[in-house]
Amino acid sequence: QVQLVESGGGLVQSGGSLRLSCAASGSISGIIAMRWHRQAPGKQRELVAETTRGGLVQYADPVKGRFTISKDNAWTTVYLQMDRLTAEDTAVYYCNVEGIGAPYHYWGQGTQVTVSS
């Protein structure tokens, strides 16, 4: 019933920019937060950025000052603007939405971001 679809990934040169989008279909009741995670080969999936119902916005240290998370007023789409990209940003980026009802967390299938030197 609920589906999250990421888009906007691709190949970009070091120092370039990309904007990721995550569109949600179906109803998710009581949304608590929207988040972006990423996972590089051989590494743990890590939280990149989140925006909460209470108005908090947080970023992981490696992306602070370079990435910006935003959303629409209906909480159906979340974006990640990525600027001054480096090779260390190469990963599959996943959208996550947390709600108050089971299963609590919804995930997209991911979009590949590759930064070349």
Side-chain angles (χ1 to χ4, degrees):
Q1 183 174 337
V2 174
Q3 185 177 19
L4 304 180
V5 180
E6 300 100 333
S7 62
L11 176 64
V12 65
Q13 292 184 4
S14 180
S17 298
L18 286 173
R19 191 190 193 207
L20 306 183
S21 298
C22 173
S25 62
S27 296
I28 303 175
S29 61
I31 292 176
I32 298 171
M34 288 180 161
R35 302 181 177 93
W36 285 98
H37 294 245
R38 68 185 182 186
Q39 187 168 22
K43 297 183 179 180
Q44 287 270 7
R45 185 174 298 188
E46 64 176 349
L47 176 65
V48 175
E50 66 176 0
T51 179
T52 74
R53 188 72 173 179
L56 295 178
V57 179
Q58 295 180 306
Y59 300 93
D61 286 341
V63 309
K64 291 189 73 171
R66 299 189 297 117
F67 290 11
T68 304
I69 188 170
S70 62
K71 58 169 182 63
D72 66 354
N73 291 334
W75 292 75
T76 59
T77 308
V78 62
Y79 306 92
L80 186 68
Q81 177 68 42
M82 306 184 295
D83 297 320
R84 297 190 291 117
L85 286 160
T86 72
E88 289 72 36
D89 297 315
T90 295
V92 177
Y93 285 71
Y94 297 91
C95 175
N96 165 248
V97 176
E98 181 182 357
I100 61 173
Y104 307 112
H105 287 270
Y106 302 86
W107 293 89
Q109 291 186 317
T111 184
Q112 177 72 48
V113 172
T114 303
V115 184
S116 65
S117 300

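- When the side chains of ILVMFWY residues are joined at heavy-atom separations under 4.5 Å, either directly or via intervening members, M34 and Y106 end up in a single hydrophobic cluster.
- The shortest non-hydrogen separation linking V48 to Y93 is CG2-CE2, 4.3 Å.
- No side-chain heavy atom of T52 sits less than 4.5 Å from a side-chain heavy atom of Q58.
- Smallest separation of non-hydrogen atoms from G99 and I28: CA-CG2, 4.4 Å.
- In terms of modelled atom types and a separation under 3.5 Å, the side chain of Q109 and the main chain of E6 share no donor-acceptor contact.
- The heavy-atom pair separating Q112 from A91 by the smallest distance is NE2-O, 3.5 Å.
- Here the closest non-hydrogen pair linking A49 and Y59 is CB-CD2, 3.5 Å.
- To the nearest 0.5 Å, the span separating CD on Q81 from CG on L20 amounts to 9.0 Å.
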Going through the distances and angles, do S14 and S117 end up as a side chain to side chain contact (heavy atoms under 4.5 Å, CB included)?
-> CA-CA 5 Å; S14 180; S117 300; 5.6 Å; no
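- Of the possible donor and acceptor atoms, none in the side chain of Y79 sits under 3.5 Å from a partner among the backbone N and O of T68.
- Using modelled atom types, no side-chain atom of E98 and backbone atom of Y104 make a donor-acceptor pair closer than 3.5 Å.
- Rounding to the nearest 0.5 angstrom, the gap separating the CG atom in L4 from the OG1 atom in T76 is 11.0 Å.
- At least one side-chain heavy atom of C95 sits under 4.5 Å from a side-chain heavy atom of W36.
- Note on I31: it clusters hydrophobically with V78, by side-chain heavy-atom contacts below 4.5 Å among ILVMFWY residues.
- Without hydrogens or angle criteria, N96 side chain to R35 main chain gives no donor-acceptor distance under 3.5 Å.
- When all heavy atoms of V113 and M82 are compared, the closest pair comes out as CG2-CE, 3.8 Å.
- By the 4.5 Å heavy-atom criterion applied to side chains, L85 and F67 are counted as neighbours.
- Using modelled atom types, one side-chain atom of T90 and one backbone atom of V115 make a donor-acceptor pair closer than 3.5 Å.
- When all heavy atoms are compared, the tightest approach of V2 to S27 is CG2-O, 3.4 Å.
- V57 and V63 end up in the same hydrophobic cluster when Ile, Leu, Val, Met, Phe, Trp and Tyr side chains are linked at under 4.5 Å.
- How far OG1 of T51 is from CD1 of I69: 6.0 Å, rounded to the nearest 0.5 Å.
- A distance of 4.5 Å separates NE2 of H37 from CG of L47, quoted to the nearest 0.5 Å.
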Side chain to side chain contact (heavy atoms under 4.5 Å, CB included) between I100 and R53, intermediate numbers included | CA-CA 11 Å; I100 61 173; R53 188 72 173 179; over 6 Å; no
